[in-house]
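Working notes, beginning with the structure itself.
Because the structure is a prediction, the values reported are computed rather than measured.
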Protein chains: 2
Amino acid sequence: MYTIGEVAQLLGISTHTLRYYEKEKIIIPDRDENGDRRYNDSHIRWLQFVIKLKETQMPISKIKQYASLFVEGEHTTLARLGLLEEHKRYIEQQIKTLIDVDDMLERKIVAYKDFISKRAAKTPAD
Amino acid sequence: MYTIGEVAQLLGISTHTLRYYEKEKIIIPDRDENGDRRYNDSHIRWLQFVIKLKETQMPISKIKQYASLFVEGEHTTLARLGLLEEHKRYIEQQIKTLIDVDDMLERKIVAYKDFISKRAAKTPAD
DNA sequence: ATACTGATTAGAGTAAACTCTAAGTCAAGG
DNA sequence: CCTTGACTTAGAGTTTACTCTAATCAGTAT
């Protein structure tokens with residue numbers, strides 16, 4: 001069981017963000033006898049999943065949708081599957097785009113290096 | 001030579017955005033005798049490059065920096081090279097992350113499908 | 001006792017990147 | 001003549017995702 005500060009540290013996010021996610025109903029931790037938030041291992045795993053989705057540009061609104069389907073229960077598995085499949089398609093498209101741009105940058109970088117080395121060769125006495 | 005409306009259509013962005021990019025000094029088109037913006041092929045190519053950078057999450061502030069180095073002239077090639085190399089490193093890291101999450105989603109999706117098909121098998125008379 | 005640490009809340013503020021509105025002017029085409 | 005589409009400046013509004021503030025309280029350290 002972790003406090004909000006411990007979770008923040010562990011996952012490299014701020015306590016502000018954790019409270020924001022709770023306000024948005026993305027994660028609802030338990031509370032201890034003082035009313036302080038308590039996160040267990042399954043909360044942590046869910047947060048790690050959320051962070052992965054975020055790193056791949058899934059908007060908070062979609063993550064919220066997915067989280068609320070979870071709360072609704074087992075009859076939403078098909079809808080959840082749909083969301084994941086949709087995001088997977090986005091990711092695969094994004095990978096293609098990134099590879100394209102990576103190639104484009106590689107060519108530009110080579111051209112710049114070439115230009116710089118030629119310029120250097122032209123002014124040997126500088 | 002293209003008008004702002006033609007460029008917007010061609011590149012799938014709005015005229016507002018093109019004016020905004022001009023305000024931010026990312027692209028400075030020519031003007032015709034009426035003072036209307038005129039974009040030539042090299043403007044178009046530069047805009048296509050900007051859009052590619054944006055698709056790969058380069059912030060407008062960085063694109064601005066790169067554009068202003070261009071305007072400053074040839075002595076900024078090293079700085080430009082640096083910016084491109086930095087963004088290339090970001091992209092390559094991002095590709096790794098996307099591949100990881102793609103795998104993770106694949107596993108989740110398989111698990112969901114498995115669950116759904118097992119549930120269907122349990123209730124053959126539904 | 002009191003200062004420090006870390007927790008709580010509601011709600012305000014911020015940054016990025018547009019996106020649009022107002023309130024006009026101007027020129028060409030049908 | 002009227003519509004369309006361009007132009008201007010200045011500024012307001014929107015969305016996303018935080019990020020921070022203020023005021024308060026509970027437990028521990030000196």
Side-chain angles (χ1 to χ4, degrees), chain A residues 1-40 43-44 46-68 83 87 90 94 97, chain B residues 1-40 43-44 46-68 83 87 90 94 97:
Chain A
M1 293 291 254
Y2 309 86
T3 67
I4 192 167
E6 285 162 357
V7 175
Q9 179 102 61
L10 187 65
L11 302 181
I13 57 180
S14 72
T15 57
H16 290 305
T17 301
L18 283 165
R19 293 204 188 92
Y20 167 71
Y21 285 175
E22 185 171 345
K23 194 158 68 183
E24 296 298 319
K25 303 197 190 68
I26 287 168
I27 177 128
I28 313 292
D30 303 330
R31 296 291 177 137
D32 69 9
E33 66 283 359
N34 302 319
D36 289 13
R37 290 169 181 79
R38 286 301 170 145
Y39 298 81
N40 61 33
H43 292 135
I44 299 291
W46 166 241
L47 283 169
Q48 280 166 335
F49 182 55
V50 167
I51 289 164
K52 285 285 177 200
L53 293 178
K54 278 211 40 59
E55 279 173 359
T56 58
Q57 286 85 52
M58 188 188 269
I60 290 289
S61 59
K62 283 270 156 104
I63 297 175
K64 247 166 101 167
Q65 258 182 60
Y66 187 76
S68 81
L83 276 179
H87 189 55
Y90 163 79
Q94 187 61 12
T97 300
Chain B
M1 293 291 253
Y2 310 86
T3 66
I4 192 168
E6 285 163 357
V7 175
Q9 180 103 62
L10 187 66
L11 302 182
I13 57 181
S14 72
T15 57
H16 289 304
T17 301
L18 283 166
R19 293 205 189 92
Y20 167 70
Y21 284 176
E22 187 171 341
K23 193 160 69 186
E24 295 298 321
K25 303 196 189 71
I26 286 167
I27 177 132
I28 313 292
D30 303 330
R31 297 291 177 135
D32 69 9
E33 66 283 359
N34 302 319
D36 290 14
R37 289 169 182 80
R38 286 301 170 147
Y39 298 82
N40 62 32
H43 292 135
I44 300 291
W46 166 241
L47 282 169
Q48 281 167 334
F49 181 55
V50 167
I51 289 165
K52 285 284 177 199
L53 294 178
K54 280 210 37 61
E55 280 173 359
T56 58
Q57 287 84 52
M58 188 188 270
I60 290 289
S61 58
K62 283 270 156 105
I63 298 175
K64 248 167 100 168
Q65 257 181 61
Y66 187 76
S68 81
L83 276 177
H87 189 55
Y90 164 79
Q94 187 61 13
T97 300

With rounding to the nearest 0.5 Å, note down the distance linking [atom1] in [X] to [atom2] in [Y].
{"X": "A:Y21", "Y": "A:I13", "atom1": "OH", "atom2": "CD1", "answer": "6.0 Å"}
{"X": "A:Y66", "Y": "A:L53", "atom1": "OH", "atom2": "CG", "answer": "8.0 Å"}
{"X": "A:Y2", "Y": "A:L11", "atom1": "OH", "atom2": "CG", "answer": "9.5 Å"}
{"X": "B:I63", "Y": "B:F49", "atom1": "CD1", "atom2": "CZ", "answer": "8.5 Å"}

Might you work through the side chain to side chain contact (heavy atoms under 4.5 Å, CB included) test for A:R37 and A:R19, ending with a clear yes or no? CA-CA 10 Å; A:R37 290 169 181 79; A:R19 293 204 188 92; 3.5 Å; yes

Applying ring pair (Phe, Tyr, Trp, His ring centres under 6.0 Å), name anything that partners A:Y90, two or more places apart in sequence or on another chain.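 Only A:H87 meet the ring pair (Phe, Tyr, Trp, His ring centres under 6.0 Å) criterion with A:Y90.
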
Under 4.0 Å from any atom of DNA chain D, heavy atoms only: list the residues of residues 18-29 of chain A that qualify, in numerical order.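 Per residue number, the list reads A:Y20, A:Y21.
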
Can you list, by residue number, the residues of residues 50-65 of chain B that have a non-hydrogen atom closer than 4.0 angstrom to DNA chain D?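 Of all residues in residues 50-65 of chain B, none places a heavy atom under 4.0 Å from DNA chain D.
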
Roughly how many Å is it from [atom1] in [X] to [atom2] in [N], rounded to a whole number?
{"X": "A:D32", "N": "D:dC25", "atom1": "CG", "atom2": "C1'", "value": "14 Å"}
{"X": "A:Q9", "N": "C:dA7", "atom1": "CD", "atom2": "P", "value": "11 Å"}
{"X": "B:D36", "N": "D:dT8", "atom1": "CG", "atom2": "P", "value": "8 Å"}
{"X": "B:H16", "N": "C:dT19", "atom1": "NE2", "atom2": "P", "value": "9 Å"}

Just wondering, do [Y] and [X] contact through their side chains at under 4.5 Å, heavy atoms?
{"X": "A:D30", "Y": "A:H43", "result": "yes"}
{"X": "B:I26", "Y": "B:Y20", "result": "no"}
{"X": "A:K25", "Y": "A:S68", "result": "no"}
{"X": "B:L10", "Y": "B:I44", "result": "yes"}
{"X": "A:T3", "Y": "A:D36", "result": "no"}
{"X": "A:M58", "Y": "A:Q65", "result": "no"}

Can you find a side chain N or O atom of B:R37 that sits less than 4.0 Å from OP1 or OP2 on D:dA6?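 No, B:R37 has no side-chain N/O under 4.0 Å of OP1/OP2 on D:dA6.
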
With heavy atoms under 4.0 Å as the rule, sort A:R31 into base, sugar-phosphate or nothing.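 Sugar-phosphate contact only - A:R31 comes under 4.0 Å of backbone atoms but never of a base.
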
At a cut-off of 3.5 Å, list every protein nitrogen or oxygen paired with a nitrogen or oxygen from nucleotides 3-5 of chain D, distance to 0.1 Å.
none

A:K54: which residues meet the salt bridge (Lys or Arg N to Asp or Glu O under 4.0 Å) condition with it, sequence neighbours left out?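 Expected list: none.
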
B:T17, nearest nucleotide to its side chain (from D:dC18, C:dT19, C:dT9):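 Given the options D:dC18, C:dT19, C:dT9, the side chain of B:T17 is closest to C:dT19.
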
Readout for nucleotides 24-30 of chain C: B = base within 4.0 Å of protein heavy atom, S = sugar-phosphate only, - = neither; 5' to 3' it is ---S---

